[in-house]
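One structure below.
From a predicted model like this one, the values you see are computed outputs, not experimental measurements.
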Amino acid sequence: MRRGAKPVNIEVTAPIQVEALDLDAQGIARLAPNDEELIQGQSGKVLFIKGALPTELVTYTITSEKARFSKAKVREILKPAVFRAEPKCKAFGICGGCTMQHLDIRAQVAMKQRVLEDDLQHIAKVKPLEILRPMGGPAWEYRHRARLSAVNRSIKKGTVLIGFHEGKSGYVADMLACEILPKYVSVLLPEMRKLVMGLSIVDRMPQIEIAVGEPEEPGSDDPQKAQPVTALVFRNLLPLTAADEALLRTFADDHQVWIWLQPKGIETVAPFYPETGKLCYRLPEFEIEMPFKPADFTQVNHMMNRALVSRAMRLLEVKNTDRILDLFCGIGNFTLPLARKAKAVLGIEGLASLTARATENAEHNGLTDKASFMQSDLFEITTETIASWGKAERWLMDPPREGAMEICKALAQLQTQASDLLPERIVYVSCNPKTLARDVEILCHHAGYTLSSAGIINMFPHTSHVESIAVFDRP
């Protein structure tokens, strides 16, 4: 319970109309003046109703209240919305992920587009010259990366729970399947329970990270090489016994998975059994194969990543005479496709491990003559830093949720100091519309750019995550 919220349990039978939806997939309604006696507070108090959708007429149970708003859950839906959907996952409402399963996928996309446009308007005070058509893909079995928690409940429940956390809770959801994981991974959840229960360190195995790669050899006659590669990273806080190791090897053989261990920090992640293998994803349009390790950052949705890279390339309008900067380049997800088109690409990344992996991937794809990489803290940027990178006609930026504010501020300073260093076009891939809007305000109002276009990518269906892409041009 948040500070200042009073837990209550008030059943309200008077129906209320739901007006909107927030990013936590809670219906938003407002009490009429004659409803004041139900809750202490001012007229028109806002209600956030879990499980309710816009246009619906519902009754509800108030679960907590604060001075300015109250939280509630649906008691009965008297008039359902036309875009209400039947949740597919049995853990819906308990698991903290996929909170929008009860909303039709088309309505989810429309909502995310509206969030992006509203943030641009209210935070940046900017409207794109063009709204890009939303990008969507598979609604289920799309997630190729996941971090599952494991908790031993053998004393009370006789089992181990393995899954995502419950909504806004430290508890782990009781899950036997997950509809957004590939089917061949989802069916492993109960098997992983049994495995962890059999280990001597059952209380010291708190996490299992899943990374799914593409088949080692697509179309191979060898069934094993033609199947997607699934790596499981077990976080073992104590050494394994010989019996533990035998159980893990048997599990790997029985379920055709690649097991890694992480005894300490992320730098200790290493293959356990089999000792070697191949984990990768591919970008066929650009003839790129990207090897990665389970702990490396990669997009969770392979199909949407292909579409995103393709759109970014088109929006950049790369010429074979261009030099490109790819900021927050990771393992080279955009850098290497850009190197297929441009004269030269410099990828810049803050983590040494990812910079090294990107360099290896350039070698793997025969692109070391056009793609180079360097490590730099992109959250501590000055005009001198940008000058050291050299002139580049086009930039691509794909920052984390914190955005790229320091880079944008430095570009604004260059507007008056050395405008010849400013790129002609910037394509900005964002995973947080609010920090994107903040950076849009800097680029458009202080650095002299125009927001030419913007739109969303539904990279994470059924979640509140809003991925987007924006294009900036110098007039």
Side-chain angles (χ1 to χ4, degrees), residues 87-92 95 97-98 101 137-150 159-164 172-198 205 207-235 247-262 269 271-284 289-296 298-306 459-463:
K88 187 174 182 180
C89 183
K90 293 181 180 178
F92 176 73
C95 174
C98 301
Q101 283 191 47
W140 305 103
E141 298 187 35
Y142 66 82
R143 192 175 184 105
H144 291 80
R145 294 191 62 84
R147 181 174 294 164
L148 304 177
S149 294
T159 188
V160 164
L161 297 184
I162 293 178
F164 298 111
V172 176
D174 190 352
M175 302 170 59
L176 292 175
C178 177
E179 300 293 344
I180 60 171
L181 292 175
K183 185 68 174 178
Y184 48 86
V185 177
S186 176
V187 297
L188 290 179
L189 293 182
E191 300 303 318
M192 284 191 276
R193 284 189 177 194
K194 297 175 187 175
L195 170 64
V196 175
M197 277 293 292
M205 184 77 82
Q207 179 181 294
I208 304 171
E209 190 150 356
I210 299 169
V212 178
E214 297 190 30
E216 187 174 344
E217 295 179 14
S220 171
D221 293 333
D222 183 341
Q224 186 169 341
K225 292 185 177 182
Q227 294 299 314
V229 177
T230 301
L232 303 178
V233 182
F234 288 84
R235 180 81 168 91
L247 284 174
L248 288 171
R249 291 191 182 94
T250 299
F251 185 88
D253 289 335
D254 289 347
H255 301 287
Q256 296 300 301
V257 296
W258 190 10
I259 291 181
W260 292 54
L261 297 176
Q262 182 186 346
V269 173
F272 168 70
Y273 180 82
E275 293 184 1
T276 60
K278 181 179 178 181
L279 195 62
C280 74
Y281 68 89
R282 299 181 178 89
L283 301 169
E289 181 178 85
M290 301 288 287
F292 65 94
K293 293 185 178 180
D296 290 344
T298 58
Q299 291 286 4
V300 305
N301 190 329
H302 288 176
M303 184 172 291
M304 287 307 301
N305 183 58
R306 289 182 179 182
M459 187 74 73
F460 300 84
H462 312 299
T463 76

Are [X] and [Y] side-chain neighbours, meaning at least one heavy-atom pair lies under 4.5 Å?
X: R249; Y: F272; result: yes
X: K278; Y: V229; result: no
X: R143; Y: F460; result: yes
X: M303; Y: Y142; result: no
X: M192; Y: L189; result: yes
X: K90; Y: M175; result: no

Which pair of non-hydrogen atoms, one from [X] and one from [Y], has the smallest distance, and what is that distance?
X: N301; Y: M304; answer: OD1-N, 3.2 Å
X: W258; Y: T276; answer: CZ2-C, 3.6 Å
X: F164; Y: A146; answer: CZ-CB, 3.9 Å
X: G213; Y: L279; answer: N-CD1, 3.5 Å
X: C95; Y: A173; answer: CA-CB, 4.0 Å
X: P218; Y: R282; answer: CG-NH1, 3.7 Å

Name of the residue among L161, I162, V160, L148 meeting side-chain contact (heavy atoms from CB on, under 4.5 Å) with V172: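 Output: one option passes, namely L161.
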Apply the side-chain contact (heavy atoms from CB on, under 4.5 Å) test between Y273 and each candidate in D253, L261, V257, L248; give the one that qualifies.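 Checked D253, L261, V257, L248 against Y273; only one passes side-chain contact (heavy atoms from CB on, under 4.5 Å): D253.
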Identify every side-chain donor-acceptor pair in residues 176-185 under 3.5 Å, counting partners at least two apart or on other chains, and give the distances.
none

Do R235 side-chain atoms and Q262 backbone N/O form a donor-acceptor pair below 3.5 Å?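 Yes; at least one donor-acceptor contact below 3.5 Å.
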Tell me whether Q101 contacts the main-chain N or O of F92 through its side chain, where contact means a donor paired with an acceptor under 3.5 Å. no
Greater than 12 external heavy atoms within 6.0 Å of K88's NZ: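 Check passes, neighbour count above 12.
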Take N305 and L283 through the test side-chain contact (heavy atoms from CB on, under 4.5 Å) and record every step on the way to the result. CA-CA 9 Å; N305 183 58; L283 301 169; 3.9 Å; yes
With rounding to the nearest 0.5 angstrom, report the [atom1] to [atom2] distance, [X] to [Y].
X: L195; Y: L247; atom1: CG; atom2: CG; value: 6.5 Å
X: Q207; Y: S149; atom1: CD; atom2: OG; value: 6.5 Å
X: T159; Y: M197; atom1: OG1; atom2: CE; value: 6.0 Å

Using the six-membered ring wherever Trp is involved, compare the ring planes of F292 and Y281 and label them parallel, tilted or perpendicular (cut-offs 30° and 60°).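 The arrangement is tilted - the two ring planes meet at 30° to 60°.
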Should the ring pair W140 and H462 be called parallel, tilted or perpendicular, given that the plane angle runs from 0 to 90° and is split at 30 and 60?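 Geometry flag for H462 against W140: parallel rings.
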Apply side-chain contact (heavy atoms from CB on, under 4.5 Å) to residues R145 and E209 and explain how you reach the verdict. CA-CA 8 Å; R145 294 191 62 84; E209 190 150 356; 3.1 Å; yes
side-chain contact (heavy atoms from CB on, under 4.5 Å) evaluation trace for H302 with E214: CA-CA 9 Å; H302 288 176; E214 297 190 30; 4.2 Å; yes
Any carboxylate oxygen within less than 4.0 angstrom of a Lys/Arg side-chain nitrogen, looking at D174 and R193? yes
